[in-house]
Amino acid sequence: MSTPRKKAPRLAAGRARALGVPTRGTTNPNRLRRIDRWMAGTPWVARTLREAADPLVVDLGFGSSPVTTVELASRLRPLRADTRVFGLEIDPERVAAGKLVADPPALEFRRGGFELAGLAAGVAGSDGPALVRALNVLRQYTEQEAWKAWDELRSRLAPGGLLVEGTCDEIGRRCCWVTLDRSGPLTFTLACLPSDLERPSDLAERLPKTLIHRNVPGERVHALLSELDVCWAKAAPHAPFGPRARWAEAVAMLAGIGWPVLDRRRRWRLGELTVPWSAVAP
């Protein structure tokens, strides 16, 4: 007997023909604070929004509550006062909940998916979004579907625009994401509350879908996590100064053995580690 083939992601019914399936919906206040802090505090990412012809931002798949979209708008507004944030969801009830807290034109909500609900580059004269945040959206897809979703979303960005896609735990203490532009993936970031970890490789459970099945010997992402664990162990003498100090020292050791670590100690102390995508690419 042949095995039934998995169906491709459906187009949700409705005039917008939203591409994708509804997210699981789990969300909490401040769940995405580490991602937002990184976007606002990383110069080359923040510059993308500041210099955009149209400061349009899309929060794709915001979940059962619009709270993280509201937070995103408030965290990006200091970068550029005329930033416009759109929260997109396929579930009409979630969109309706979002509209109750909308503040047009700064904050709006629409029904939409990977097609970006009429906000994509080239649609109705739009330049496309300068920034798309898609967190906890692709975990329910296969790896092949996740790669395809990356391609679809990248093609809809404004020239110079960025896509930030990844996963975090329910309260935002463990996060991993990839930043992409129209040409492809650029960087890979780990972010955490260091006191919440026994070892850095605990973050493996939150790897993006394109990497989570690659955490095996012989793959670059496995080597990164394994060597970061070793550096974490060697940084134990810094534990009396706190988990953040130990994390920063572990990242410094990782850079010292040749990993192309980006940013500086100030960001490492926030529990972050960013490397070029080429360092972990399958």
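Sequence positions, counted from 1, serve as the residue numbers for this chain. All heavy atoms count here, side chains included; hydrogens, waters and symmetry mates do not.
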- Item | Heavy-atom pair with the smallest gap, counting every atom of Arg266 and Gly41 | NH2-O, 4.4 Å
- Query: Can you hop from Trp268 to Leu193 via hydrophobic side chains spaced under 4.5 Å?
  - Reply: no
Under 3.5 Å, which donor-acceptor pairs do the side chains of residues 218-226 form with other protein atoms, sequence neighbours left out?
unit_1	atom_1	unit_2	atom_2	d
Glu219	OE2	Arg214	NH1	3.4
Arg220	NH1	Ala281	O	2.6
Ser226	OG	His222	O	2.8

- Message: Just verifying a value: how many Å separate Arg244 CZ and Arg265 CZ, rounded to the nearest 0.5 Å?
- Response: 14.5 Å
- Note on the structure: Closest heavy-atom pair, Ala52 versus Ala130, reported as atoms and distance to 0.1 Å, is CB-CB, 3.6 Å
- Under the side chain to side chain contact (heavy atoms under 4.5 Å, CB included) criterion, do Arg174 and Asp196 qualify, and how do the steps go? CA-CA 8 Å; Arg174 302 180 180 189; Asp196 187 54; 2.9 Å; yes
- Quick one: do Ile35 and Trp44 end up in the same hydrophobic cluster if we chain Ile, Leu, Val, Met, Phe, Trp and Tyr together by side-chain heavy atoms under 4.5 Å apart? yes
- Salt-bridge present (Arg154, Asp151; N to O < 4.0 Å): yes
- Task: For residues Leu162 and Leu186, determine if any side-chain heavy atom of one lies less than 4.5 Å from a side-chain heavy atom of the other.
- Result: yes
- Message: Whether the side chain of Glu89 engages the backbone of Gly63 through a donor-acceptor N/O pair (distance < 3.5 Å, no angle test) should be reported.
- Response: yes
- Query: If we only count heavy atoms from C-beta on, is the Arg110 to Leu119 side-chain gap below 4.5 Å?
  - Reply: yes
- Determine yes or no for a side-chain-to-main-chain donor-acceptor pair under 3.5 angstrom, with Asn136 supplying the side chain and Cys168 the backbone. yes
- Is a donor on one side and an acceptor on the other found under 3.5 Å between the side chain of Arg246 and the backbone of Phe241? no
- Task: Can you measure from CG (Asp54) to CG (Leu49) and round to the nearest 0.5 angstrom?
- Result: 10.0 Å
- Please name the pair of heavy atoms, one in Leu79 and one in Arg50, separated by the smallest distance, quoted to 0.1 Å. CD2-NH2, 3.2 Å
- Would you call Arg206-Glu170 a salt bridge at under 4.0 Å N-O? yes
- Message: Can you tell me how far apart CG (Leu163) and CG (Leu153) are? Round to the nearest 0.5 Å.
- Response: 5.5 Å
- Message: Quick check against the 3.5 Å criterion: does Arg94 have a side-chain atom that pairs as donor or acceptor with the backbone of Phe62?
- Response: no
- Short side-chain to backbone donor-acceptor contact, Arg111 and Val95, under 3.5 Å: no
- May I ask you to decide if the ring planes of Phe114 and Tyr141 are parallel, tilted or perpendicular, using 30° and 60° as cut-offs? tilted
- Please step through side chain to side chain contact (heavy atoms under 4.5 Å, CB included) for the pair Asp181 and Thr48, ending with a clear verdict. CA-CA 11 Å; Asp181 65 7; Thr48 297; over 6 Å; no
- Check step by step if side chain to side chain contact (heavy atoms under 4.5 Å, CB included) holds for Ile212 and Arg139. CA-CA 10 Å; Ile212 196 165; Arg139 285 185 70 85; 4.0 Å; yes
- Arg269 to Trp247 six-membered ring, cation-pi geometry met (6.0 Å, 45°): no
- Taking side chain as C-beta onward, heavy atoms only, is Trp259 less than 4.5 Å from Leu228? no
- Item | Within-4.5 Å side-chain heavy-atom neighbours: Asp229 and Pro200 | yes
- Task: For residues Leu131 and Leu76, determine if any side-chain heavy atom of one lies less than 4.5 Å from a side-chain heavy atom of the other.
- Result: yes
- Task: Starting at CG of Leu270, measure out to SG of Cys192 and round the result to the nearest 0.5 Å.
- Result: 10.5 Å
- Message: Within the supplied structure, the quantity of interest is the number of heavy atoms (other residues, nucleotides, ligands) at a distance under 6.0 Å from Gln144 CD; does it exceed 12?
- Response: no
- Item | Connected via hydrophobic side-chain network under 4.5 Å: Met253 and Leu203 | no
- Message: Is it the case that the side chain of Arg34 and the backbone of Gly172 share a donor-acceptor pair, with hydrogens and angles ignored and the cut-off at 3.5 Å?
- Response: yes
- Reference residue Phe188; test side chain to side chain contact (heavy atoms under 4.5 Å, CB included); the match among Leu211, Thr274, Thr210, Thr179: Leu211
- Query: Which ring pair (Phe, Tyr, Trp, His ring centres under 6.0 Å) pairs, counting each pair once, include a residue from residues 144-187, with sequence neighbours left out?
  - Reply: Trp38-Trp177, Trp147-Trp150, Trp150-Trp277
- Query: So, Arg31 side chain and Asn28 main chain: donor-acceptor pair closer than 3.5 Å or not?
  - Reply: no
- Between the side chain of Asp169 and the main-chain N/O of Arg173, is any donor-acceptor distance below 3.5 Å? yes
- Query: Do Gln140 and Glu145 come close enough that some side-chain heavy atom pair is under 4.5 Å?
  - Reply: no
- Task: Please assess Ile257 against Cys231 for the test side chain to side chain contact (heavy atoms under 4.5 Å, CB included), listing each intermediate value before the final yes or no.
- Result: CA-CA 10 Å; Ile257 62 174; Cys231 293; 4.3 Å; yes
- Note on the structure: The reported gap from CG in Leu72 to CG in Asp36 (rounded to nearest 0.5 angstrom) is 5.0 Å
- Query: What distance do Thr189 atom OG1 and Asp263 atom CG have between them, rounded to the nearest 0.5 Å?
  - Reply: 7.5 Å
- Look only at the side chain of Asp202 and the backbone of Arg199, and say whether a donor-acceptor pair between them is shorter than 3.5 Å. yes
- Item | Heavy-atom closest pair, residues Ala117 and Gly112 | CB-CA, 3.9 Å
- Is there a donor-acceptor pair under 3.5 Å between the side chain of Lys209 and the backbone N or O of Glu143? no
- Identify the two heavy atoms, one from Gly128 and one from Ser126, that lie closest to each other, and give their separation to 0.1 Å. N-OG, 2.9 Å
- Query: Applying the side chain to side chain contact (heavy atoms under 4.5 Å, CB included) test to Phe109, which of Val101, Asp59, Leu88 qualifies?
  - Reply: Val101
- Do Thr68 and Arg133 come close enough that some side-chain heavy atom pair is under 4.5 Å? yes
- Looking only at heavy atoms, which two atoms of Pro208 and Thr167 are closest? And how far apart? CA-OG1, 4.2 Å
- Do the charged groups of Arg84 and Asp82 touch, with an N to O distance under 4.0 Å? no
- Below 4.5 Å, heavy atoms only, C-beta onward: do Val45 and Met39 meet side chain to side chain? yes
- Query: Are Leu180 and Leu262 joined in one hydrophobic group, where the rule is that I, L, V, M, F, W and Y side chains link up if heavy atoms are under 4.5 Å apart?
  - Reply: no
